[in-house]
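Take a look at the structure below.
Because only heavy atoms are used, hydrogens play no part in the values below, and waters and symmetry mates are left out as well, while side chains stay in.
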Amino acid sequence: MHISTKCSVAIHCLLFINEYGEKTKVTSELLSLSTGINAVTIRTIMSALKRDGIILVKYGTGGATLNCPPNEISLFRVCKAIDPDFLSKLIGVHPAPSPACPIGQNIYAVLDRSYDKIRSDLKKSLEEITFDLIVSDYHNCTG
């Protein structure tokens, strides 16, 4: 029950593309070296970002670039591109409550309102954090 680490790897890749994409050909092998993640996993992440329209990847020679302005890329968009069901997976209810128990019969209904509010609040928060803010934080950290 967590946001996949693939989301943080995706942000890492996007930062790398943003910072170095104009100067060098950004490939999965290069991103693998930067992230410490296997190049096959990087390609999977890059494919998801490409499908969503966040990045462009050149066929043949390789190389990735951002496909939209940083203020149009939210953390929610990145997480959803990587795992479309991440919000529903984030907070779940145990799968087999006893139908013979009054609590077991009603636990889904009891928790649905609370969990839906948490998911909604998290979605709103993730939508408010855009990639341009992340880039700014990165630049503040690097001086």
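- Residues satisfying the side chain to side chain donor-acceptor pair (under 3.5 Å) criterion with Lys23, sequence neighbours excluded, are absent altogether.
- For the pair Ser32 (side chain) and Ile37 (backbone), a donor-acceptor distance under 3.5 Å is present.
- Atom CD1 in Ile82 sits 9.5 Å away from atom CE in Met46 (nearest 0.5 Å).
- Residue pairs meeting the side-chain hydrogen bond (donor to acceptor under 3.5 Å, both in side chains) criterion with at least one member in residues 76-87, sequence neighbours excluded, are Asp52-Arg77, Asp83-Lys89.
- Applying the salt bridge (Lys or Arg N to Asp or Glu O under 4.0 Å) rule to Lys123 yields the partners Glu127; only residues at least two apart in sequence or on another chain are considered.
- Within the 4.5 Å cutoff, side-chain heavy atoms of Ile73 are placed close to those of Cys68.
- Side chains of Thr41 and Val9 form no contact here, defined as non-hydrogen atoms less than 4.5 Å apart.
- By the side-chain contact (heavy atoms from CB on, under 4.5 Å) test, Glu29 pairs with Thr27, Arg43, sequence neighbours left out.
- For Lys50, the side-chain contact (heavy atoms from CB on, under 4.5 Å) criterion is met by Ile55, Val57, Tyr59, not counting sequence neighbours.
- The side-chain contact (heavy atoms from CB on, under 4.5 Å) check on Glu19 picks up Val135, Tyr138, His139, with sequence neighbours excluded.
- Taking Tyr20 as the reference, Phe16 meet the ring-ring contact (aromatic ring centres under 6.0 Å, His included) condition, with sequence neighbours excluded.
- Listed by first and then second residue, the salt bridge (charged side-chain N to carboxylate O under 4.0 Å, His left out) pairs involving residues 132-143 amount to none (not counting sequence neighbours).
- The shortest non-hydrogen separation linking Asn18 to Pro70 is OD1-CG, 4.4 Å.
- Side-chain contact between Leu133 and Thr130 is present, with at least one heavy-atom pair separated by less than 4.5 Å.
- Between atom CD1 of residue Ile42 and atom OG of residue Ser34 there is a gap of 8.5 Å, rounded to the nearest 0.5 Å.
- Every side-chain contact (heavy atoms from CB on, under 4.5 Å) that Asn67 has, sequence neighbours left out, goes to Leu56.
- In terms of heavy-atom proximity, Leu49 sits nearest to Ala81 at CD2-CB, 4.4 Å.
- The side chain to side chain donor-acceptor pair (under 3.5 Å) search around Thr44 returns none, not counting sequence neighbours.
- At a threshold of 4.5 Å between side-chain heavy atoms, the hydrophobic network of Ile, Leu, Val, Met, Phe, Trp and Tyr places Ile103 and Val93 in one connected group.
- Annotation: ring-ring contact (aromatic ring centres under 6.0 Å, His included) contacts of Phe76 (sequence neighbours excluded): Phe86.
- With rounding to the nearest 0.5 Å, the separation of CG in Leu87 from CD1 in Ile118 is 11.5 Å.
- Residues Ile11 and Leu33 do not share a hydrophobic cluster, clusters being chains of Ile/Leu/Val/Met/Phe/Trp/Tyr side chains in contact below 4.5 Å.
- We find the CD-CD1 distance between Glu72 and Ile54 to be 11.0 Å, quoted to the nearest 0.5 Å.
- Within the structure, every pair that satisfies the side-chain hydrogen bond (donor to acceptor under 3.5 Å, both in side chains) test and touches residues 90-116, not counting sequence neighbours, is listed here: Asp116-Arg119.
- A pairwise comparison of heavy atoms in Ile107 and Pro97 identifies CG2-CG, 3.8 Å as the closest pair.
- A pairwise comparison of heavy atoms in Thr35 and His12 identifies CG2-CD2, 3.3 Å as the closest pair.
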